[in-house]
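In what follows, a single structure is set out as structure tokens and then discussed.
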Amino acid sequence: EEPEDKWKWWEEKDNAKDSGVKWKFLEHKGPVFAPPYEPLPKTVQFKYDGKPMKLSLEAEEVMTFYAKMLDHEYTSKNDFNKNFFGDWRKVMTKEEKSIISDLGKCNFRDVCTYFQQKTEERKARSKAEKLEEKQKNEALVEEFGFCDWDGHREKIGNFRLEPPGLFRGRGNHPKMGKLKKRIIPEDITINCSKNSVAPKPPPGHKWKEVRHDNQVTWLVSWTENIQNQNKYIMLNPSSRVKGEKDWQKYEIARNLKTKVDRIREDYMRDLKSSEMMIRQRAVALYFIDKLALRAGNEKEDGESADTVGCCSLRCEHIKLHKQLDGKDFIVEFDFLGKDSIRYYNKVPVLKQVFKNLVLFTENKEGGDDLFDRLNTSTLNKYLNSLMEGLTAKVFRTYNASITLQNQLLELTDPDDENVSSKILSYNRANRAVAVLCNHQRAAPKNFSEQMGRMNDKVELWSAVLASKTQYLIRLRNVASLMGSFLLITYVWFMLYLILLRFSTTLVDMLQMVGMCIKIEKKQADIRDAKQEAKSAKSDYKHNKSEGKRKLYEAKKKKIERLQEQLIKLEVQATDKASLVFGKTTEENKEIALGTSKLNYLDPRITVAWCKKYAIPIEKCYNKTQRDKFAWAIAMVDESYVF
DNA sequence: CGAAAAACTTAGTATTTAGACT
DNA sequence: AGTCTAAATACTAAGTTTTTCG
């Protein structure tokens, strides 16, 4: 049920213009405010020092923010508690403030339980109720989720304002737990055309400002109270203004491809420059190019977590090894990057780079800047002089995209007709990029739960192992000689050997075994379904009725569906196996593929690859991704080269 | 100019949804 | 029909780059 009238902006001729004017006409309905606070029922009590205590409305609301997070790790952190308590006290009445002086005496448990119950209840609602809410939400999206941008109905990204709550910084953020205030109309700046129908503030309220700035792309802005930074409501990635920008980004990266050899020659030469700044710039650029590090802007001290990028690296973030594990000139990186994600890497570097690093760290403390003569703006100014539009982050885009293209070329086997093995190659190429960019995620936590259920299934696994692995034959032979107790012991022993051999984890092994079970089952299902289809067919031949025909059709459909599921399972299993038996088992399950796919990989590479091997684009891109990359999907054929 | 603010992109995690499984 | 899981989507923090300002 796709609307067929979607605007194909990439088909228009005047796409490339860049005059700074972002729109000629802009009309929208403004933001959707967070729902007002609903006071707690009387029966749900906050307790202080063991005694129930009724709070003023405002203090109660802030209290619930904490209560809702009671079981979260945040509430065990000192900064979080300190910041919360400080801000909470600011909204208390005088009396409340005089009583509540110690967070340790506060009991939020009942309130926490109340909210947990509410989510349970929400989950347990009837189908009709859920449907009703869904429809209400759709109506809201219809009204507020779109705008008129130069005569086209465009989707808005985030039209709901962020609700109040406690700030959840990432990593060791000094402001974690501070109160993020409710946004009111008086905080809001509206941006729209002069000749449009401007959004109306809620009754009794006024906007902070209504402006008509067609040089910017945002519709609504406000200043958040934690870091005092502006936030915006902007369009969805499927919109023209975002899509064109994205397209342009990849064109700049492709342009870098034609210049990169020269730029590399330049920084190689500069490694020996007599000017310190130029030497530092050369080394920094070498890191940015080779390791896909981020630029690394300076950050205000103590305002946010202590993280760095290339230009802001400190001496303590690298260790220099003239020799390590038999290799020369190794730099060992260990620092926290964006989102406090750890970057750890041991890299062999050029002798001259190594020499320079020794020079840069001489007579410095660990806390001193490695590149003390360099910052992102001088670096970017230099890059811009080499090529129009070139900045530090273009190297990440370029290296990510070129890596995908090369890996696809290398890993795709043109003779293998199997779609699932193609997808596996694609995912591996994607993974190579994610590793390069250090895109991580928390390891899925069901891993340890699966451990728990281990014992119940051990016999089943034994059987599957017996039929699936190379140890099978031995196992079967042995099994005939042994009782089941011995058999199980033997299986565990084999498992242990596998673990040792591949230095993998038990959980990974067990997951693979689980997948084998699923695959076997699916294969059995397909055999059954084929049987059924066969008998339905002969039924139909004997009795050519409409009902029989439909039945036969349905059976055929079922086979198709099952076969698709089987392919999916096989992909999963092979993918998993390559993870488990590959070299970097531990990190790999913590590699996130999504970020690079969405932000770094020229979608035209993927589209061209899909066309070349007749892979449906749906196998690589989900709905959201197809919307975002609609321009690329429409634009290129298999001959596209990044 | 250089610092600060504004604008815009990139990021991981939390929540929701879909669909497979029992 | 309910339960479980993985994928999709929502959310918003945290970066980079561009623009403004003193």
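In what follows, every chain begins at residue 1, and chains take the letters A, B, ... in the order their sequences are listed.
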[X] side chain N/O closer than 4.0 Å to the phosphate oxygens (OP1, OP2) of [N]?
{"X": "A:N230", "N": "B:dA6", "answer": "yes"}
{"X": "A:K242", "N": "B:dC8", "answer": "no"}
{"X": "A:R396", "N": "B:dA11", "answer": "yes"}
{"X": "A:K249", "N": "B:dT10", "answer": "yes"}
{"X": "A:N297", "N": "C:dG15", "answer": "no"}
{"X": "A:N158", "N": "C:dC11", "answer": "no"}
{"X": "A:N380", "N": "C:dT17", "answer": "yes"}
{"X": "A:H173", "N": "C:dA13", "answer": "no"}
{"X": "A:K123", "N": "B:dT15", "answer": "no"}
{"X": "A:S221", "N": "B:dA7", "answer": "no"}
{"X": "A:R294", "N": "C:dA14", "answer": "no"}
{"X": "A:T391", "N": "C:dT17", "answer": "yes"}
{"X": "A:S377", "N": "C:dT17", "answer": "no"}
{"X": "A:T595", "N": "B:dG12", "answer": "yes"}

[X] near the nucleic acid: base, sugar-phosphate alone, or nothing, with a heavy-atom cut-off under 4.0 Å?
{"X": "A:Q229", "value": "nothing"}
{"X": "A:G296", "value": "sugar-phosphate"}
{"X": "A:A392", "value": "sugar-phosphate"}
{"X": "A:L598", "value": "nothing"}
{"X": "A:F167", "value": "sugar-phosphate"}
{"X": "A:K175", "value": "nothing"}
{"X": "A:K393", "value": "sugar-phosphate"}
{"X": "A:T307", "value": "sugar-phosphate"}
{"X": "A:G309", "value": "nothing"}
{"X": "A:P237", "value": "nothing"}

Mind calculating the distance between [atom1] ([X]) and [atom2] ([N]) to the nearest angstrom?
{"X": "A:M234", "N": "C:dT12", "atom1": "CE", "atom2": "C1'", "result": "13 Å"}
{"X": "A:F159", "N": "C:dT12", "atom1": "CZ", "atom2": "C1'", "result": "15 Å"}
{"X": "A:L235", "N": "B:dT9", "atom1": "CG", "atom2": "C1'", "result": "14 Å"}
{"X": "A:Q227", "N": "C:dA14", "atom1": "CD", "atom2": "P", "result": "6 Å"}
{"X": "A:R160", "N": "C:dT12", "atom1": "CZ", "atom2": "P", "result": "11 Å"}
{"X": "A:R342", "N": "C:dA14", "atom1": "CZ", "atom2": "C1'", "result": "21 Å"}
{"X": "A:K381", "N": "C:dT19", "atom1": "NZ", "atom2": "C1'", "result": "13 Å"}
{"X": "A:R122", "N": "B:dT16", "atom1": "CZ", "atom2": "C1'", "result": "9 Å"}

Under 3.5 Å, is there a donor on one side chain and an acceptor on the other for [X] and [Y]?
{"X": "A:T217", "Y": "A:Y232", "result": "no"}
{"X": "A:S221", "Y": "A:N230", "result": "no"}
{"X": "A:K299", "Y": "A:S312", "result": "no"}

With respect to the side chain of [X], which nucleotide from [options] is positioned closest?
{"X": "A:E162", "options": "C:dT16, B:dG12, C:dT12", "value": "C:dT12"}
{"X": "A:A442", "options": "B:dG12, C:dA8, B:dT13", "value": "B:dT13"}
{"X": "A:H72", "options": "C:dT12, B:dA14, B:dA11", "value": "B:dA14"}

* **Atom CD of A:E298: over 12 foreign heavy atoms under 6.0 Å** =>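 Open: at most 12 neighbouring heavy atoms sit under 6.0 Å from CD of A:E298.
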* Taking atom NZ of A:K181 as the centre, does the number of heavy atoms from other residues, nucleotides or ligands within less than 6.0 Å exceed 12? -> no
* **5'-most by nearest nucleotide on DNA chain B - A:Y600 or A:K134** =>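 Looking at DNA chain B, the more 5' nearest nucleotide goes with A:Y600.
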* Structure fact -> Assert: residue with more 5' nearest nucleotide on DNA chain B, out of A:T119 and A:R211, is A:R211
* To do: Please check if the distance between the ring centroids of A:F167 and A:H173 is under 6.0 Å.
  =>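 Under 6.0 Å, so yes.
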* Ring centers of A:Y66, A:F84 separated by less than 6.0 Å ->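 Centroid separation for A:Y66 and A:F84: below 6.0 Å.
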* To do: Nearest-nucleotide wise, let me know which of A:K155 and A:G171 is further upstream toward the 5' end of DNA chain C.
  =>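 Checking each residue's closest nucleotide, the 5'-ward one belongs to A:K155.
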* Asked: Which sits closer to the 5' end of DNA chain C, A:Y621 or A:V394, going by the nucleotide each is nearest to?
  ->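 The residue mapped nearer the 5' terminus is A:Y621.
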* Asked: For the side chain of A:K231 and the base of C:dT12, is some donor closer than 3.5 Å to an acceptor across the two?
  ->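 Absent.
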* Using the six-membered ring of A:F115, assess whether NZ or CZ of A:K118 lies under 6.0 Å from its centre and within 45 degrees of the ring axis. => no
